[in-house]
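Reading through the C-alpha coordinates given below for one structure.
Every chain is numbered from 1, with letters handed out A, B, ... down the list of sequences.
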2 protein chains.
Amino acid sequence: MEKLDGLKLENQLCFPLYACSKEIIRRYKPLLNELDLTYTQYITMMVLWDKKEINVKTLGEKIFLDSGTLTPVLKKLESKGYIERNRASDDERNLIITITKKGENLRNKAKNIPQKVGKCVNLSEKEAMELYKLLYKVLGKF
Amino acid sequence: MEKLDGLKLENQLCFPLYACSKEIIRRYKPLLNELDLTYTQYITMMVLWDKKEINVKTLGEKIFLDSGTLTPVLKKLESKGYIERNRASDDERNLIITITKKGENLRNKAKNIPQKVGKCVNLSEKEAMELYKLLYKVLGKF
DNA sequence: ATAAATTAAATTGTGTACAATCTAATTGTT
DNA sequence: AACAATTAGATTGTACACAATTTAATTTAT
(Lines give C-alpha, C1' and ligand atoms only; values in the text may rest on other atoms or scores of the structure.)
Protein backbone atom coordinates (compact mmCIF):
# COMPACT_ATOMS: atom_id res chain seq x y z
CA MET A 1 0.00 0.00 0.00
CA GLU A 2 1.60 3.21 -1.25
CA LYS A 3 1.75 5.92 1.39
CA LEU A 4 0.44 9.27 0.08
CA ASP A 5 2.93 12.11 0.46
CA GLY A 6 1.07 14.65 2.59
CA LEU A 7 3.57 17.37 1.80
CA LYS A 8 2.99 17.35 -1.93
CA LEU A 9 1.18 20.37 -3.28
CA GLU A 10 -1.24 18.21 -5.22
CA ASN A 11 -2.31 16.22 -2.19
CA GLN A 12 -3.51 19.14 -0.09
CA LEU A 13 -6.96 20.64 -0.26
CA CYS A 14 -5.71 24.10 0.61
CA PHE A 15 -3.73 24.53 -2.56
CA PRO A 16 -6.48 23.96 -5.16
CA LEU A 17 -8.71 26.14 -2.99
CA TYR A 18 -6.17 28.93 -3.01
CA ALA A 19 -5.44 28.55 -6.71
CA CYS A 20 -9.11 28.27 -7.66
CA SER A 21 -10.05 31.35 -5.69
CA LYS A 22 -7.36 33.39 -7.40
CA GLU A 23 -8.18 32.08 -10.87
CA ILE A 24 -11.87 32.82 -10.54
CA ILE A 25 -11.13 36.32 -9.27
CA ARG A 26 -8.89 36.73 -12.31
CA ARG A 27 -11.90 35.94 -14.50
CA TYR A 28 -13.82 38.77 -12.84
CA LYS A 29 -11.05 41.29 -13.37
CA PRO A 30 -11.76 42.41 -16.97
CA LEU A 31 -15.48 42.67 -16.20
CA LEU A 32 -14.87 44.62 -13.02
CA ASN A 33 -12.38 46.90 -14.76
CA GLU A 34 -15.28 48.20 -16.85
CA LEU A 35 -16.96 49.30 -13.61
CA ASP A 36 -13.69 50.62 -12.16
CA LEU A 37 -14.02 48.18 -9.23
CA THR A 38 -11.54 45.74 -7.72
CA TYR A 39 -12.78 42.38 -6.51
CA THR A 40 -12.74 43.49 -2.86
CA GLN A 41 -14.62 46.65 -3.76
CA TYR A 42 -17.10 44.51 -5.70
CA ILE A 43 -17.98 42.16 -2.85
CA THR A 44 -18.33 45.22 -0.61
CA MET A 45 -20.75 46.77 -3.08
CA MET A 46 -22.68 43.48 -3.29
CA VAL A 47 -23.36 43.70 0.42
CA LEU A 48 -24.44 47.33 0.06
CA TRP A 49 -26.71 46.55 -2.89
CA ASP A 50 -28.41 44.09 -0.58
CA LYS A 51 -28.41 46.04 2.69
CA LYS A 52 -28.31 49.77 1.81
CA GLU A 53 -26.78 50.50 5.19
CA ILE A 54 -24.38 48.59 7.45
CA ASN A 55 -21.64 49.31 9.93
CA VAL A 56 -18.02 48.34 9.32
CA LYS A 57 -17.96 45.55 11.89
CA THR A 58 -21.04 43.77 10.51
CA LEU A 59 -19.81 44.25 6.97
CA GLY A 60 -16.45 42.78 7.94
CA GLU A 61 -18.10 39.72 9.48
CA LYS A 62 -20.05 39.15 6.27
CA ILE A 63 -17.09 39.31 3.94
CA PHE A 64 -14.39 38.03 6.36
CA LEU A 65 -12.34 41.23 6.44
CA ASP A 66 -11.20 43.40 9.33
CA SER A 67 -11.02 47.18 9.65
CA GLY A 68 -7.37 47.14 8.65
CA THR A 69 -8.42 45.98 5.20
CA LEU A 70 -11.80 47.65 5.02
CA THR A 71 -10.87 51.18 6.06
CA PRO A 72 -8.86 51.93 2.90
CA VAL A 73 -11.33 50.05 0.67
CA LEU A 74 -14.26 52.05 2.05
CA LYS A 75 -12.39 55.35 1.76
CA LYS A 76 -11.74 54.48 -1.87
CA LEU A 77 -15.41 53.65 -2.55
CA GLU A 78 -16.35 56.91 -0.83
CA SER A 79 -13.94 58.86 -3.05
CA LYS A 80 -15.59 57.26 -6.08
CA GLY A 81 -18.95 58.45 -4.80
CA TYR A 82 -20.54 55.01 -4.37
CA ILE A 83 -20.92 55.12 -0.58
CA GLU A 84 -21.02 57.51 2.36
CA ARG A 85 -19.22 57.05 5.69
CA ASN A 86 -20.87 58.55 8.77
CA ARG A 87 -20.54 57.94 12.49
CA ALA A 88 -23.71 56.61 14.15
CA SER A 89 -25.29 59.34 16.27
CA ASP A 90 -26.32 56.93 19.03
CA ASP A 91 -22.85 55.37 19.29
CA GLU A 92 -20.01 57.32 17.77
CA ARG A 93 -17.78 54.25 17.69
CA ASN A 94 -19.84 52.83 14.85
CA LEU A 95 -19.16 53.93 11.30
CA ILE A 96 -22.26 53.53 9.17
CA ILE A 97 -21.74 52.84 5.49
CA THR A 98 -24.60 53.98 3.25
CA ILE A 99 -24.95 53.40 -0.46
CA THR A 100 -25.43 56.50 -2.64
CA LYS A 101 -27.62 56.95 -5.70
CA LYS A 102 -24.49 56.54 -7.81
CA GLY A 103 -23.72 53.32 -5.97
CA GLU A 104 -27.23 52.04 -6.62
CA ASN A 105 -26.89 52.84 -10.29
CA LEU A 106 -23.73 50.77 -10.53
CA ARG A 107 -25.83 47.71 -9.79
CA ASN A 108 -27.38 47.78 -13.26
CA LYS A 109 -24.00 47.72 -14.91
CA ALA A 110 -22.94 44.80 -12.69
CA LYS A 111 -26.00 42.62 -12.97
CA ASN A 112 -24.82 40.36 -15.77
CA ILE A 113 -21.38 39.74 -14.31
CA PRO A 114 -22.23 36.59 -12.30
CA GLN A 115 -23.76 34.97 -15.34
CA LYS A 116 -20.76 35.83 -17.52
CA VAL A 117 -18.31 34.41 -15.00
CA GLY A 118 -20.49 31.37 -14.46
CA LYS A 119 -20.16 30.55 -18.14
CA CYS A 120 -16.39 30.27 -18.00
CA VAL A 121 -16.45 27.85 -15.08
CA ASN A 122 -16.33 24.35 -16.42
CA LEU A 123 -18.95 22.79 -14.12
CA SER A 124 -22.48 21.53 -14.63
CA GLU A 125 -25.29 23.11 -12.65
CA LYS A 126 -25.26 20.08 -10.38
CA GLU A 127 -21.51 20.13 -9.82
CA ALA A 128 -21.54 23.85 -9.08
CA MET A 129 -24.24 23.30 -6.47
CA GLU A 130 -22.24 20.43 -4.96
CA LEU A 131 -19.09 22.56 -4.79
CA TYR A 132 -21.10 25.39 -3.29
CA LYS A 133 -22.45 23.11 -0.56
CA LEU A 134 -19.06 21.65 0.30
CA LEU A 135 -17.48 25.11 0.56
CA TYR A 136 -20.20 26.35 2.88
CA LYS A 137 -19.81 23.21 4.95
CA VAL A 138 -16.13 23.99 5.42
CA LEU A 139 -16.95 27.62 6.23
CA GLY A 140 -19.60 26.51 8.69
CA LYS A 141 -17.03 24.86 10.90
CA PHE A 142 -15.20 28.09 11.54
CA MET B 1 -40.90 30.59 -9.84
CA GLU B 2 -38.73 32.86 -7.70
CA LYS B 3 -35.86 34.43 -9.64
CA LEU B 4 -32.52 34.00 -7.84
CA ASP B 5 -30.69 37.28 -7.25
CA GLY B 6 -27.39 36.76 -9.03
CA LEU B 7 -25.81 39.75 -7.34
CA LYS B 8 -26.20 38.43 -3.82
CA LEU B 9 -22.99 37.38 -2.13
CA GLU B 10 -24.49 34.08 -1.05
CA ASN B 11 -25.51 33.10 -4.57
CA GLN B 12 -22.07 33.29 -6.14
CA LEU B 13 -19.52 30.51 -6.18
CA CYS B 14 -16.61 32.93 -6.11
CA PHE B 15 -17.34 34.24 -2.66
CA PRO B 16 -17.33 30.98 -0.66
CA LEU B 17 -14.23 30.01 -2.64
CA TYR B 18 -12.48 33.22 -1.68
CA ALA B 19 -13.65 33.02 1.94
CA CYS B 20 -12.79 29.33 2.25
CA SER B 21 -9.33 29.80 0.85
CA LYS B 22 -8.57 32.57 3.32
CA GLU B 23 -10.03 30.69 6.28
CA ILE B 24 -8.04 27.55 5.55
CA ILE B 25 -4.86 29.56 5.17
CA ARG B 26 -5.68 31.13 8.53
CA ARG B 27 -5.71 27.62 10.01
CA TYR B 28 -2.21 27.06 8.71
CA LYS B 29 -0.85 30.29 10.17
CA PRO B 30 -0.11 29.22 13.78
CA LEU B 31 1.50 25.99 12.54
CA LEU B 32 3.59 27.81 9.95
CA ASN B 33 4.61 30.46 12.49
CA GLU B 34 6.49 27.72 14.33
CA LEU B 35 8.54 27.16 11.17
CA ASP B 36 8.89 30.90 10.54
CA LEU B 37 7.17 30.46 7.16
CA THR B 38 4.29 32.35 5.58
CA TYR B 39 1.75 30.43 3.52
CA THR B 40 3.30 31.58 0.24
CA GLN B 41 6.74 30.60 1.46
CA TYR B 42 5.29 27.23 2.53
CA ILE B 43 3.82 26.32 -0.85
CA THR B 44 7.11 27.40 -2.43
CA MET B 45 9.01 25.10 -0.09
CA MET B 46 6.58 22.26 -0.87
CA VAL B 47 7.55 22.49 -4.53
CA LEU B 48 11.23 22.50 -3.60
CA TRP B 49 10.84 19.52 -1.24
CA ASP B 50 9.45 17.70 -4.24
CA LYS B 51 11.72 18.99 -7.00
CA LYS B 52 15.01 20.01 -5.36
CA GLU B 53 15.68 22.37 -8.24
CA ILE B 54 13.44 24.50 -10.45
CA ASN B 55 13.56 27.80 -12.28
CA VAL B 56 11.35 30.74 -11.34
CA LYS B 57 9.12 30.48 -14.38
CA THR B 58 8.28 26.80 -13.89
CA LEU B 59 7.81 27.34 -10.18
CA GLY B 60 5.45 30.21 -10.91
CA GLU B 61 3.39 28.07 -13.28
CA LYS B 62 3.05 25.41 -10.60
CA ILE B 63 1.84 27.72 -7.86
CA PHE B 64 0.10 30.33 -10.04
CA LEU B 65 2.41 33.23 -9.16
CA ASP B 66 4.47 35.55 -11.32
CA SER B 67 7.97 36.92 -10.85
CA GLY B 68 6.57 40.09 -9.33
CA THR B 69 5.35 38.06 -6.38
CA LEU B 70 8.01 35.39 -6.38
CA THR B 71 11.15 37.52 -6.55
CA PRO B 72 10.71 38.97 -3.03
CA VAL B 73 9.46 35.64 -1.62
CA LEU B 74 12.50 33.81 -2.99
CA LYS B 75 14.89 36.47 -1.73
CA LYS B 76 13.33 36.06 1.70
CA LEU B 77 13.70 32.27 1.62
CA GLU B 78 17.29 32.72 0.51
CA SER B 79 17.98 35.08 3.41
CA LYS B 80 16.61 32.42 5.76
CA GLY B 81 19.01 29.92 4.26
CA TYR B 82 16.41 27.50 2.88
CA ILE B 83 17.19 27.98 -0.80
CA GLU B 84 19.87 29.21 -3.17
CA ARG B 85 19.33 31.46 -6.20
CA ASN B 86 21.70 31.03 -9.13
CA ARG B 87 21.59 31.91 -12.81
CA ALA B 88 21.63 28.93 -15.16
CA SER B 89 25.00 28.69 -16.89
CA ASP B 90 23.50 27.57 -20.21
CA ASP B 91 20.93 30.40 -20.25
CA GLU B 92 21.58 33.32 -17.97
CA ARG B 93 17.97 34.47 -18.18
CA ASN B 94 16.92 31.55 -16.02
CA LEU B 95 17.23 31.77 -12.28
CA ILE B 96 17.58 28.33 -10.77
CA ILE B 97 16.22 27.81 -7.28
CA THR B 98 17.93 25.04 -5.33
CA ILE B 99 16.96 23.76 -1.90
CA THR B 100 19.69 23.79 0.76
CA LYS B 101 20.41 21.23 3.48
CA LYS B 102 18.66 23.57 5.92
CA GLY B 103 15.67 23.71 3.60
CA GLU B 104 15.58 19.92 3.42
CA ASN B 105 15.66 19.69 7.20
CA LEU B 106 12.65 21.96 7.48
CA ARG B 107 10.62 19.24 5.80
CA ASN B 108 10.68 17.09 8.93
CA LYS B 109 9.25 19.87 11.03
CA ALA B 110 6.52 20.43 8.44
CA LYS B 111 5.48 16.87 7.80
CA ASN B 112 2.56 16.69 10.23
CA ILE B 113 1.05 20.03 9.21
CA PRO B 114 -1.31 18.70 6.49
CA GLN B 115 -2.75 16.15 8.86
CA LYS B 116 -3.29 18.75 11.61
CA VAL B 117 -5.05 21.12 9.24
CA GLY B 118 -7.07 18.27 7.78
CA LYS B 119 -8.48 17.58 11.22
CA CYS B 120 -9.98 21.01 11.59
CA VAL B 121 -11.78 20.84 8.26
CA ASN B 122 -15.28 19.59 8.85
CA LEU B 123 -15.49 17.16 5.92
CA SER B 124 -15.55 13.39 5.62
CA GLU B 125 -12.85 11.66 3.62
CA LYS B 126 -15.34 11.24 0.81
CA GLU B 127 -16.48 14.86 0.82
CA ALA B 128 -12.90 16.12 0.89
CA MET B 129 -12.13 13.99 -2.16
CA GLU B 130 -15.24 15.27 -3.92
CA LEU B 131 -14.29 18.89 -3.16
CA TYR B 132 -10.76 18.20 -4.34
CA LYS B 133 -12.04 16.82 -7.64
CA LEU B 134 -14.41 19.70 -8.27
CA LEU B 135 -11.69 22.27 -7.58
CA TYR B 136 -9.29 20.59 -9.97
CA LYS B 137 -12.05 20.43 -12.55
CA VAL B 138 -12.47 24.20 -12.31
CA LEU B 139 -8.71 24.71 -12.47
CA GLY B 140 -8.47 22.40 -15.46
CA LYS B 141 -10.53 24.73 -17.58
CA PHE B 142 -8.06 27.57 -17.28
C1' DA C 1 26.33 38.76 -38.94
C1' DT C 2 23.12 41.87 -37.27
C1' DA C 3 18.70 43.96 -36.24
C1' DA C 4 14.18 42.60 -34.51
C1' DA C 5 11.51 39.70 -31.72
C1' DT C 6 11.08 36.89 -27.81
C1' DT C 7 11.92 35.37 -23.25
C1' DA C 8 12.94 35.34 -18.01
C1' DA C 9 13.41 38.03 -14.01
C1' DA C 10 13.36 42.21 -11.71
C1' DT C 11 11.28 46.56 -10.70
C1' DT C 12 7.51 49.83 -9.89
C1' DG C 13 3.03 51.05 -8.44
C1' DT C 14 -1.57 50.00 -6.61
C1' DG C 15 -4.43 47.36 -3.77
C1' DT C 16 -5.42 44.04 -0.63
C1' DA C 17 -4.78 40.99 3.81
C1' DC C 18 -3.93 40.69 8.50
C1' DA C 19 -1.49 41.00 13.12
C1' DA C 20 -0.56 44.33 16.50
C1' DT C 21 -1.20 48.62 18.43
C1' DC C 22 -3.61 52.93 19.25
C1' DT C 23 -7.52 56.07 20.08
C1' DA C 24 -11.89 57.39 21.33
C1' DA C 25 -16.49 56.14 22.83
C1' DT C 26 -19.25 53.39 25.68
C1' DT C 27 -20.30 50.14 29.35
C1' DG C 28 -19.61 47.76 33.72
C1' DT C 29 -18.06 47.82 38.51
C1' DT C 30 -17.29 49.42 42.78
C1' DA D 1 -19.14 59.57 40.12
C1' DA D 2 -14.79 57.43 38.83
C1' DC D 3 -12.04 54.09 37.10
C1' DA D 4 -11.42 49.73 34.65
C1' DA D 5 -12.76 46.94 30.89
C1' DT D 6 -14.67 46.53 26.48
C1' DT D 7 -15.69 47.81 21.87
C1' DA D 8 -15.32 49.88 16.96
C1' DG D 9 -12.37 51.82 13.75
C1' DA D 10 -8.04 53.66 12.38
C1' DT D 11 -3.14 53.21 11.98
C1' DT D 12 1.29 50.87 11.32
C1' DG D 13 4.17 47.38 9.53
C1' DT D 14 4.95 43.19 6.87
C1' DA D 15 3.83 40.30 3.11
C1' DC D 16 1.61 39.05 -0.78
C1' DA D 17 -0.74 39.59 -5.66
C1' DC D 18 -0.65 41.27 -10.04
C1' DA D 19 -0.50 44.65 -14.07
C1' DA D 20 2.80 47.20 -16.53
C1' DT D 21 7.31 48.36 -17.56
C1' DT D 22 12.28 47.58 -17.75
C1' DT D 23 16.58 45.06 -18.41
C1' DA D 24 19.42 41.64 -20.04
C1' DA D 25 20.02 37.30 -22.49
C1' DT D 26 18.83 34.49 -26.25
C1' DT D 27 16.60 33.30 -30.58
C1' DT D 28 14.75 34.30 -35.13
C1' DA D 29 14.65 36.43 -39.51
C1' DT D 30 16.76 38.82 -42.94
Side-chain angles (χ1 to χ4, degrees), chain A residues 14-15 18-30 32-33 35-45 54-80 83 85-97 142, chain B residues 14-15 18-30 32-33 35-45 54-80 83 85-97 142:
Chain A
C14 73
F15 178 70
Y18 159 85
C20 222
S21 168
K22 286 199 309 166
E23 289 298 320
I24 297 246
I25 289 174
R26 187 171 300 174
R27 290 287 145 173
Y28 276 89
K29 209 153 283 179
L32 293 177
N33 278 346
L35 310 192
D36 188 30
L37 288 180
T38 64
Y39 183 73
T40 312
Q41 290 163 14
Y42 170 65
I43 59 174
T44 304
M45 288 309 295
I54 195 169
N55 72 347
V56 174
K57 185 182 164 56
T58 314
L59 171 63
E61 282 164 1
K62 268 195 169 306
I63 60 180
F64 296 83
L65 293 172
D66 69 7
S67 70
T69 304
L70 282 175
T71 297
V73 169
L74 294 170
K75 283 180 177 171
K76 196 75 194 232
L77 286 173
E78 184 184 41
S79 80
K80 291 180 182 176
I83 65 166
R85 298 163 68 249
N86 298 293
R87 290 287 163 178
S89 51
D90 64 324
D91 186 341
E92 295 266 340
R93 286 173 306 183
N94 282 279
L95 187 74
I96 309 291
I97 309 301
F142 295 110
Chain B
C14 72
F15 178 70
Y18 159 84
C20 223
S21 167
K22 286 199 309 167
E23 290 296 322
I24 299 247
I25 288 173
R26 187 171 301 174
R27 292 286 143 174
Y28 276 89
K29 210 153 282 180
L32 293 177
N33 278 345
L35 309 192
D36 188 30
L37 288 180
T38 64
Y39 183 73
T40 312
Q41 289 164 15
Y42 171 64
I43 60 174
T44 304
M45 289 308 296
I54 195 169
N55 72 347
V56 173
K57 184 183 164 57
T58 313
L59 171 62
E61 282 164 0
K62 268 195 168 306
I63 58 180
F64 296 83
L65 293 172
D66 69 6
S67 70
T69 303
L70 281 176
T71 297
V73 169
L74 293 169
K75 283 181 177 172
K76 194 77 193 231
L77 286 173
E78 183 185 42
S79 78
K80 290 180 183 176
I83 65 166
R85 299 164 66 249
N86 299 292
R87 291 285 163 180
S89 53
D90 63 325
D91 185 341
E92 295 265 342
R93 287 173 305 182
N94 283 279
L95 187 73
I96 309 291
I97 309 300
F142 294 109

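Applying the ring pair (Phe, Tyr, Trp, His ring centres under 6.0 Å) rule to B:Tyr42 yields the partners B:Tyr28; only residues at least two apart in sequence or on another chain are considered. With sequence neighbours excluded, no residue satisfies salt bridge (Lys or Arg N to Asp or Glu O under 4.0 Å) with A:Lys29. In terms of the ring pair (Phe, Tyr, Trp, His ring centres under 6.0 Å) criterion, B:Phe15 has no residue partners (sequence neighbours excluded). The side chain to side chain donor-acceptor pair (under 3.5 Å) search around A:Lys80 returns A:Gln41, not counting sequence neighbours.
With a 4.5 Å cut-off on side-chain heavy atoms, A:Ile63 and A:Leu70 count as touching.
A:Asn33 comes within 4.0 angstrom of no nucleic acid atom, judged by non-hydrogen atoms across all strands.
Put simply, A:Thr38 has a side-chain N or O that comes within less than 4.0 Å of OP1 or OP2 on C:dT16. Of the side-chain N and O atoms in A:Lys76, one or more sit less than 4.0 angstrom from OP1 or OP2 of C:dG15.
Between B:Glu23 atom CD and C:dA17 atom C1' the separation is 12 Å, expressed in whole Å. The separation between A:Tyr39 atom OH and C:dT16 atom P is 12 Å, rounded to whole Å. Residue A:Asp90 contributes atom CG, which lies 12 Å from atom C1' of C:dA25 at whole-angstrom precision. The nearest whole Å value for the distance from the CZ atom in A:Phe64 to the P atom in C:dC18 is 11 Å. When the P atom of C:dT16 is taken as reference, atom CG of A:Leu65 falls 10 Å away, rounded to whole Å. One atom, CD1 of A:Ile25, and another, P of C:dT16, lie 11 Å apart when rounded to the nearest Å. A:Leu77 places its CG atom 11 Å from the P atom of C:dG15, with the value rounded to the nearest Å.
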Exercise. Heavy atoms under 4.0 Å is the rule here; annotate nucleotides 3-11 of chain C 5' to 3' with B where the base is hit, S where only the sugar-phosphate is, and - elsewhere.
Key: ----BSBBB
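One finds a salt bridge joining A:Lys57 and A:Glu61 here, because a Lys/Arg side-chain nitrogen approaches an Asp/Glu carboxylate oxygen to under 4.0 Å.
In this structure, CG on A:Leu37 lies 6.0 Å from CG on A:Leu32, to the nearest 0.5 angstrom. In this structure, A:Ile97 CD1 and A:Leu74 CG are separated by 4.5 Å, a value rounded to the nearest 0.5 Å.
Close approach of DNA chain D to chain B, defined as any atom under 4.0 Å from a non-hydrogen atom of the protein, starts and stops at D:dA15 to D:dT26.
Looking at B:Arg87, its side chain does come within 3.5 Å of a backbone N or O of B:Arg93 through a donor-acceptor pair.
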